[in-house]
Asks: 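What follows is a structure written as structure tokens; I'll ask about it next.
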Amino acid sequence: EVYFWTATHWLAVDLETYAMRAIVDVEPQMPPSLTKSRAGPTADGKYIVAQLMEDQPQEQAGISYSYSRFREYYEKRPLSQIVRIEIDTGKQEVIHEDRRYLGHVNPSPTLPDLLTFCHEGPWNLVEQRIWGLNIQASRSVRRETWKVRPQEGDYSIGHEYWFADGIHLGYHGRPRDESGRHVFGHIKWDNSEWVEDHFPFHSTHFHSLDEQLIVGDGTPANVFSGESRARPFIQ
């Protein structure tokens, strides 16, 4: 199945028959974030996890695009929730909430009890972007969150993604003032096995199955870059 949401429902589509079914209604007061919420299935196939955010009416007219309200959401610190939705029953449970702009809710593809999420916002302003969360803990146990690749010093770190093993995460970063060299790194979810090195170009996103071959998508000059010219290249 593939999972996604519309304005009214979380939905599942069978990839063999294309039959569609509703899992649960979308709550209008806490809708999925338009730019950040994706329905990520857990490794055991029991749940989807996603990010919800309290509705933020737009105060003045503007042109809508992916990052049109990026800084506004960061500064407003809206109530954001990470929810666990049981695929078979539609039961929905809040597993983490905070008055921050949250995003990048990514369950491990192999470990059903782990996901990562981020504190979203301008990279040079966010204190710590990448966080881990225990999905499966019961209500009687406080669900633990922890910093993944603690973000200290002068570097901004983010755009985390799981390696295929579901144990290690890749990420990249740059100096907060964009004056130095880009870095790429990978780390185990518990902050062990940390490897990091300089990467010769600025790139907006990276992806790989492991640490052997890593691909970057370059960046246009007007997105997240202090470089003087565009580098729209696969790297």
Asks: So which atom in Tyr47 and which in Glu86 form the shortest heavy-atom distance, rounded to 0.1 Å?
Replies: CD2-CA, 3.7 Å
Asks: Verify whether the ring centers belonging to Phe163 and His186 lie closer than 6.0 Å.
Replies: yes
Asks: I want to know whether Tyr73 and Tyr101 have ring centres closer than 6.0 Å.
Replies: yes
Asks: Taking the side chain as everything from C-beta on, heavy atoms only, tell me whether Asn191 gets closer than 4.5 Å to Val148.
Replies: yes
Asks: Taking a hydrophobic cluster as the set of Ile, Leu, Val, Met, Phe, Trp and Tyr residues connected by side-chain heavy atoms closer than 4.5 Å, whether directly or through intermediates, do Trp162 and Leu133 fall within one such cluster?
Replies: no
Asks: So does Leu213 have more than 12 non-hydrogen atoms from other groups sitting under 6.0 Å from CG?
Replies: no
Asks: Rounded to the nearest 0.5 Å, how far apart are CD1 of Ile234 and CG of Asp217?
Replies: 6.0 Å
Asks: May I ask you to check whether over 12 heavy atoms, not counting those of Arg181, lie within 6.0 Å of atom CZ?
Replies: no
Asks: Checking side-chain polar atoms at under 3.5 Å, does Glu196 have a donor or acceptor matched by the opposite partner on Trp194?
Replies: yes
Asks: Side chains of His168 and Glu211: does their closest heavy-atom pair fall under 4.5 Å?
Replies: no
Asks: On the 0 to 90° scale, with breaks at 30° and 60°, tag the Tyr171-Phe184 ring pair as parallel, tilted or perpendicular.
Replies: parallel
Asks: Among Phe4, Trp5, Tyr3, find the residue that satisfies the side chain to side chain contact (heavy atoms under 4.5 Å, CB included) test when tested with Leu11.
Replies: Phe4
Asks: Begin from the C-alpha positions of Phe117 and His96 and carry the test ring-ring contact (aromatic ring centres under 6.0 Å, His included) through to its verdict.
Replies: CA-CA 10 Å; Phe117 66 96; His96 178 71; 5.0 Å; yes
Asks: Taking the side chain as every heavy atom from C-beta outward, state whether Leu52 and Gln92 have any atom pair closer than 4.5 Å.
Replies: yes
Asks: Looking at Lys76, Met53, His119, which one forms a side chain to side chain contact (heavy atoms under 4.5 Å, CB included) with Arg100?
Replies: His119
Asks: For the residue pair His207 and Val215, establish whether any side-chain heavy-atom pair is separated by less than 4.5 Å.
Replies: no
Asks: Of all heavy-atom pairs between Ser203 and His182, which one has the smallest distance, and what is that distance?
Replies: O-NE2, 3.7 Å
Asks: I'd like to know whether Glu160 forms a salt bridge (Lys or Arg N to Asp or Glu O under 4.0 Å) with Arg129, so could you lay out the CA-CA distance, the side-chain angles of the two residues, the decisive distance to 0.1 Å, and finally the verdict.
Replies: CA-CA 9 Å; Glu160 65 286 353; Arg129 288 186 61 87; 5.4 Å; no
Asks: Report yes if the side chains of Phe206 and His159 come closer than 4.5 Å at any heavy-atom pair, otherwise no.
Replies: no
Asks: Out of curiosity, Ile23 CD1 to Lys91 NZ, how far, rounded to the nearest 0.5 Å?
Replies: 15.5 Å
Asks: Taking C-beta and beyond as the side chain, do Val26 and Thr6 meet within less than 4.5 Å on heavy atoms?
Replies: no
